[in-house]
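We name chains A, B, ... by the order of the sequence lines, and we start the count at 1 in each one.
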Number of protein chains: 2
Amino acid sequence: MSRYYSISDVAERTGISAYTLRYYDKEGLLTFVRRSESGIRQFSEEDFEPLYTITVLKRCGMPIKEIRRFMELYLQGNDTIHERYLMFSRQKENLQKQIDELNRMMKIVDYKCWYFKEAEKYKDINYYKKLPAEEVDERINEFNQIIHDFREGSLTE
Amino acid sequence: MSRYYSISDVAERTGISAYTLRYYDKEGLLTFVRRSESGIRQFSEEDFEPLYTITVLKRCGMPIKEIRRFMELYLQGNDTIHERYLMFSRQKENLQKQIDELNRMMKIVDYKCWYFKEAEKYKDINYYKKLPAEEVDERINEFNQIIHDFREGSLTE
DNA sequence: TCTTGACTTAGAGTATACTCTAGGTTTTAC
DNA sequence: GTAAAACCTAGAGTATACTCTAAGTCAAGA
């Protein structure tokens, strides 16, 4: 029933290398893993859930020291449910900020793609400077305003 | 009209420290910046646009070596418009992948928040194990399936 | 029993992106 | 003219997250 998994079993199944697993252990992330009498790590079925949580937190961009804090709470059991809720709650906000930021970047990169396509037609990266003001696409003026704000240090990041 | 900006002017306006600007220069990102006879960097009005592009690419997660490649194309002028278009185009895909990934993480973190809120009511992190199967919320079964797949190495990331 | 392969630790090495120091030169302001 | 402030480079130091090596221990099959 409750079999054990060696570190290389776990590495193969999760895609986390054995080196990395040992490093995580050294950093205090895998304190839940049992050891045999001779000191060999024996991962149980249940260990895959916190292991998965580690991968999720990593992919959220959480640094290892913060993940350790979470794992400490995990080990303490039912008394820390609320605090763990708060950690995930903050993580949600954090994720949303990252998503918002990437969406902002997407808008700019999208503009750049459009602009380069236009410039390609004219074979001139500054083609719009030769156009009469009323023929310049509004997107270009908007982007130049961003650059202007960036230069003036008034860009609210 | 066309005034110059010192490295500390630029640092103050852009929020990039003078140390970092010099480091970027050393890494070949600021080859467009002119120097005075005595070797002092003189940023022009026009230099803020590529500088802004560097910050955008950084915030997209592009490593400095790749940004350097882009700046090389920038310096070559009109002949590289198409290649620069392609770089931004690829960056769009890359950004979308990052956004998708963060949205996936958001779903999981959202579930975790919900789960901890539930567990808090029961004061038991494993409360659902004591419930009859038909009373267990479907979200829990779905999540346990993810953990199962993770353990079996069949999680398609 | 012995050999092979997998495990262990400690610690060194790598990569990335800064961040700072030291020592020297240039510019600016009085 | 001179002192302070700002600039320069080279290179060392920091932080993060692995990644690997060395040297030794343990477990399983011939």
Side-chain angles (χ1 to χ4, degrees), chain A residues 3-44 47 51 53-71 91 94 98 101 105 153 157, chain B residues 3-44 47 51 53-71 91 94 98 101 105 153 157:
Chain A
R3 56 163 293 199
Y4 286 118
Y5 299 82
S6 73
I7 196 163
S8 57
D9 288 338
V10 174
E12 199 184 331
R13 282 155 185 270
T14 65
I16 308 169
S17 79
Y19 294 143
T20 304
L21 286 167
R22 289 195 194 98
Y23 165 68
Y24 286 171
D25 200 0
K26 218 188 290 189
E27 292 299 310
L29 268 54
L30 307 186
T31 42
F32 54 84
V33 179
R34 304 259 164 212
R35 301 280 191 129
S36 73
E37 289 215 344
S38 57
I40 288 172
R41 292 177 189 85
Q42 295 175 324
F43 291 77
S44 71
D47 290 347
L51 216 41
T53 301
I54 289 170
T55 71
V56 168
L57 293 176
K58 273 220 61 59
R59 288 158 80 174
C60 289
M62 189 183 277
I64 275 165
K65 283 188 180 175
E66 261 181 81
I67 300 178
R68 173 164 61 199
R69 173 77 190 128
F70 183 84
M71 297 320 292
Q91 204 45 46
N94 189 317
Q98 287 186 62
E101 162 80 351
M105 292 307 110
E157 305 168 61
Chain B
R3 57 164 291 197
Y4 286 118
Y5 298 82
S6 74
I7 196 163
S8 57
D9 287 339
V10 174
E12 200 185 329
R13 282 154 184 270
T14 64
I16 308 168
S17 79
Y19 293 143
T20 303
L21 286 167
R22 288 195 195 97
Y23 165 68
Y24 286 172
D25 200 1
K26 219 188 288 189
E27 292 299 309
L29 267 56
L30 308 186
T31 40
F32 54 85
V33 179
R34 303 259 166 215
R35 301 280 191 129
S36 72
E37 289 217 345
S38 57
I40 288 173
R41 291 177 189 85
Q42 296 175 321
F43 292 76
S44 71
D47 290 346
L51 217 42
T53 301
I54 289 171
T55 72
V56 168
L57 293 176
K58 273 220 60 59
R59 289 158 80 174
C60 289
M62 189 183 277
I64 275 164
K65 283 187 180 175
E66 260 181 81
I67 301 179
R68 173 166 59 199
R69 173 75 190 128
F70 183 83
M71 297 319 293
Q91 203 46 45
N94 191 317
Q98 287 186 62
E101 162 80 352
M105 293 306 110
E157 307 166 59

Quickly work out the B/Lys65 NZ to C/dT14 P distance and round it to whole Å.
-> 13 Å
Where each residue is assigned the nucleotide of DNA chain C containing its nearest heavy atom, which of B/Ser36 and B/Pro63 is assigned the position nearer the 5′ end?
-> B/Pro63
Counting only side-chain N and O atoms of A/Arg35, is one of them less than 4.0 Å from OP1 or OP2 of D/dT25?
-> no
Nearest-Å distance for atom pair CD/P, residues B/Glu12 and D/dA5 = 17 Å
Looking at every strand, decide which applies to B/Ser6 at a 4.0 Å heavy-atom threshold: base, sugar-phosphate, or nothing.
-> sugar-phosphate
Can you figure out which of D/dA6, C/dC7, C/dA17 approaches the side chain of A/Ile7 most closely?
-> C/dC7
Nearest-0.5 Å distance, CG of residue A/Leu29 to CD1 of residue A/Ile54 = 4.5 Å
Quick one: does A/Ile67's side chain get under 4.5 Å of A/Thr53's, heavy atoms only?
-> no
A/Tyr23 meets the ring-ring contact (aromatic ring centres under 6.0 Å, His included) criterion, sequence neighbours left out, with none
Look at the side-chain N and O atoms of B/Ser38 and state whether any lies under 4.0 Å from the OP1 or OP2 oxygen of C/dT27.
-> yes
Quick one: which of C/dA17, C/dC7, D/dC8 gets closest to the side chain of B/Ile40?
-> D/dC8
Should we count CD of B/Glu12 as having more than 12 external heavy atoms under 6.0 Å?
-> no
Looking at side-chain heavy atoms only, is the closest gap between A/Phe43 and A/Asp9 below 4.5 Å?
-> no
Distance in angstrom units between B/Tyr5 OH and D/dA6 P, rounded | 19 Å
Rounded distance (Å) that lies between atom C1' of D/dA17 and atom CZ of A/Arg59 | 17 Å
Within less than 4.0 Å of OP1 or OP2 of D/dT16, is there a side-chain N or O belonging to A/Lys58?
-> no
Taking the side chain of A/Arg41 as heavy atoms from C-beta outward, which of C/dT16, C/dT26, C/dT8 is closest to it?
-> C/dT8
To the nearest angstrom, how far is A/Arg34 atom CZ from C/dC7 atom C1'?
-> 20 Å
Rounded to whole Å, the CG-C1' distance (A/Leu29 to D/dT16) equals 13 Å
Within this structure, what is the CG-to-P distance between A/Leu57 and D/dT16, rounded to whole angstrom?
-> 17 Å
Tell me, which of residues 18-27 of chain A have any heavy atom that sits under 4.0 Å from an atom in DNA chain C?
-> A/Arg22, A/Lys26
Minimum heavy-atom separation for A/Ser36 to A/Gln42, with atom names?
-> CB-NE2, 3.5 Å
Quick one: A/Tyr4 OH to D/dA27 P, roughly how many Å, whole number?
-> 14 Å
Heavy-atom nearest nucleotide on DNA chain C taken for B/Glu37 and for B/Ile64; more 5' hit belongs to B/Ile64
Evaluate the side-chain proximity of A/Val10 to A/Leu51: yes if any heavy-atom separation is below 4.5 Å, no if none is.
-> yes
